[in-house]
Structure formats: C-alpha cells, structure tokens
Amino acid sequence: MIKRFPSFSLSSYGVGWSANRRIAIVAISLTVLLALAAGVALFTGGGNGSGHSESGSPSAANSTGPGESAPKPATTGTGSVPRPPQVAEPVAYAKAAAEMLWSYDTRNTTRDQQLAGMSAWMTTESTYADWTSVTAQVPDPTLWSRMADNDQHASATVTEGHFPSAFKAALAQDPSAITKAYVYVVTVNGKQQIAWNKGGQGAEDRAVTLAVQCRPSHDCTLAAIAPNVTQ
C-alpha cells in the first residue's frame with residue numbers, strides 16, 4: 001500500500017507553537033484574544049476546538065529544528081509551490097495560503113523547494129513569524145522521498161474562510177487591540193485531492209486555522225499555523 005502524504009495536516013503531529021512564539025502572537029500581536037478564554041485556548045491548544053482535527057501519519061515528523069531559518073527561494077527554487085498573491089484582505093489571503101499548504105507535487109518539487117516556496121508566504125517580522133509551525137507540516141526527507149518514488153501529488157479546493165467566533169467576539173470587545181501587529185485569525189475549510197502512480201487517488205476534507213498579518217497599505221503574509229482547528 002502506498003503511504004500517502006498527510007497533506008501538511010496540523011495537529012496530527014502534536015506540534016504546537018513554541019513558547020516564545022505563542023507569547024509573541026498571543027500576548028503581543030493578538031492581545032485582543034486575551035479577553036476571552038476561548039481565544040487563548042485557540043492558540044495554546046488547550047481547548048477542545050470546535051473544528052475537527054485532521055488525521056495524518058505519525059511517521060511524517062518534522063525534521064526542521066526550532067532554530068532553523070527559512071530556506072531562500074532564490075537559492076533552491078520553489079518547484080510547483082505558487083507565489084503568494086498580492087492580497088490585502090485577511091480571509092482572502094488565508095484561503096490562498098490554505099490552498100498552497102494542501103497542494104504539492106513530488107514529481108517536480110523537492111522537499112527543499114517545497115520549504116523554500118512556503119517561506120515566501122511568511123511575514124518578515126521575526127517577532128510574529130512562527131516558521132516552525134509551518135515546517136512542522138512537511139514530512140521528513142525519507143517520507144518525501146518515498147512519496148516521490150510513487151509520483152504522489154495533490155491539489156486543493158477551498159470552500160470557505162472565516163474569522164472564528166472567539167476572535168470576532170474578542171475583536172468586537174476591543175477593536176483597537178489588533179492595531180499593534182495586525183495579525184488576524186482565520187479558519188479555512190476545503191477539500192484535498194491526492195493522486196499517485198498506477199491510478200491511485202483519494203480525497204479528504206481539510207480545515208486549518210492560520211494567523212495572517214495584514215498591515216494597512218501592505219499585502220498580507222502568513223505568520224503561523226495554529227496547532228488546533230477552531231471554527
């Protein structure tokens with residue numbers, strides 16, 4: 001049986017945001033969420049999460065250490081990974097980012113190229129960027145190689161994106177709190193289509209909660225991926 005790539009699934013790896021990044025994102029960039037316990041649980045992984053948690057293979061562990069910096073696209077190339085769109089609206093950018101995260105093609109893209117392409121979507125503000133939460137979604141080199149042996153690839157269809165209810169409620173309570181870092185919480189739902197050689201194929205529903213930075217008069221960027229999905 002072909003071992004399928006778990007579509008950069010989220011909480012299946014048991015990886016949450018690092019303590020420093022969690023503090024930066026919750027206490028600094030998203031202080032508005034401190035108004036609600038549900039908002040805090042969203043980022044610490046302590047809540048039960050109203051959305052589903054995606055399944056994935058435990059062997060697809062992240063091999064990128066917490067201190068490793070993002071690869072440079074100009075050095076490694078980005079293969080099939082699309083460039084980030086020039087979008088200044090959080091939900092629209094999050095939907096594009098989710099489609100990127102759920103898509104891959106091992107037939108023409110190496111693991112290093114996949115990481116380099118993903119890094120182009122990240123905010124350059126180190127205070128808010130949690131690169132570890134993004135690299136945690138990528139299988140280790142051994143699994144990626146096995147996937148490539150089977151020509152495994154995937155595409156994605158995004159059905160909708162929205163601000164989680166906890167985020168909207170907290171933002172309504174203190175609208176000015178978002179203006180320090182302009183990091184927004186967005187949940188995206190969709191479907192992923194996976195295929196491999198000899199006609200193998202499958203489809204799965206997907207959901208992801210992202211932290212997206214959208215400063216005024218600037219294009220949005222990806223800040224982090226939450227350890228749990230919250231609808």
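All residue numbers in this chain count up from 1 along the given sequence. Quick caveat, the model's predicted, so the values are computed rather than measured.
In this structure, the side chains of C220 and Q213 stay at 4.5 Å or more apart for every pair of heavy atoms. Between Q193 and Q201 there is no side-chain heavy-atom pair separated by less than 4.5 Å. Between F163 and V91, some side-chain heavy-atom pair lies under the 4.5 Å cut-off. In this structure, the side chains of L210 and L222 come closer than 4.5 Å at one or more pairs of heavy atoms. In this structure the side chain of D151 never reaches within 4.5 angstrom of the side chain of W196, judged on heavy atoms. Counting heavy atoms from C-beta on, the side chains of V212 and V183 never come closer than 4.5 Å.
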List the steps and the verdict of side chain to side chain contact (heavy atoms under 4.5 Å, CB included) for T135 and L115.
-> CA-CA 7 Å; T135 61; L115 289 170; 3.9 Å; yes
D174 vs S176, side-chain hydrogen bond (donor to acceptor under 3.5 Å, both in side chains): CA-CA, chis, key distance, verdict | CA-CA 6 Å; D174 186 4; S176 65; 3.0 Å; yes
Output, in order, the C-alpha distance, side-chain angles, deciding distance and verdict of side chain to side chain contact (heavy atoms under 4.5 Å, CB included) for Q231 and H162.
-> CA-CA 8 Å; Q231 297 288 2; H162 64 275; 3.1 Å; yes
Step by step, work out the side chain to side chain contact (heavy atoms under 4.5 Å, CB included) result for V208 and I225.
-> CA-CA 8 Å; V208 60; I225 300 176; 3.9 Å; yes
Does the side chain to side chain contact (heavy atoms under 4.5 Å, CB included) test come out yes or no for E160 and N189, once each step is laid out?
-> CA-CA 6 Å; E160 68 87 34; N189 290 280; 2.5 Å; yes
Run the numbers on T209 and T187 for side-chain hydrogen bond (donor to acceptor under 3.5 Å, both in side chains), then give the verdict.
-> CA-CA 4 Å; T209 297; T187 293; 2.8 Å; yes
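Within a 6.0 Å sphere centred on CD of Q86, heavy atoms belonging to other residues, nucleotides or ligands number 12 at most.
Between V81 and W121 the shortest heavy-atom distance is CG1-NE1, 4.4 Å. For W144 against T110, the heavy-atom pair with the smallest separation is NE1-C, 3.6 Å. The minimum heavy-atom distance between V186 and A94, with the atom names listed, is CG1-CB, 3.4 Å. Here the closest heavy-atom approach between residue C214 and residue A88 is recorded as CB-O, 4.2 Å. When all heavy atoms of A223 and M122 are compared, the pair lying nearest together is O-CE, 3.5 Å. The shortest non-hydrogen separation linking P84 to A120 is CG-O, 3.5 Å.
Between E125 and R215, at least one side-chain N (NZ, or NE/NH1/NH2) sits under 4.0 Å from a carboxylate O, which counts as a salt bridge.
Of the options Q114, R111, Q152, a side chain to side chain donor-acceptor pair (under 3.5 Å) to Y104 is made by Q152 and by none of the others. Checked options T157, T159, D205; the residue passing with K191 is D205 (criterion: side chain to side chain donor-acceptor pair (under 3.5 Å)).
The distance from atom CZ of R206 to atom CH2 of W102, rounded to the nearest 0.5 Å, is 8.5 Å. Here I194 contributes atom CD1 and M147 contributes atom CE; the two are 9.0 Å apart, rounded to the nearest 0.5 Å. Going from atom CZ of R107 over to atom NE2 of H153 covers 4.0 Å, rounded to the nearest 0.5 Å.
Here the side chain of S103 pairs no donor or acceptor atom with the backbone of M100 at under 3.5 angstrom. No side-chain donor-acceptor contact under 3.5 Å links Q173 to the backbone of A169.
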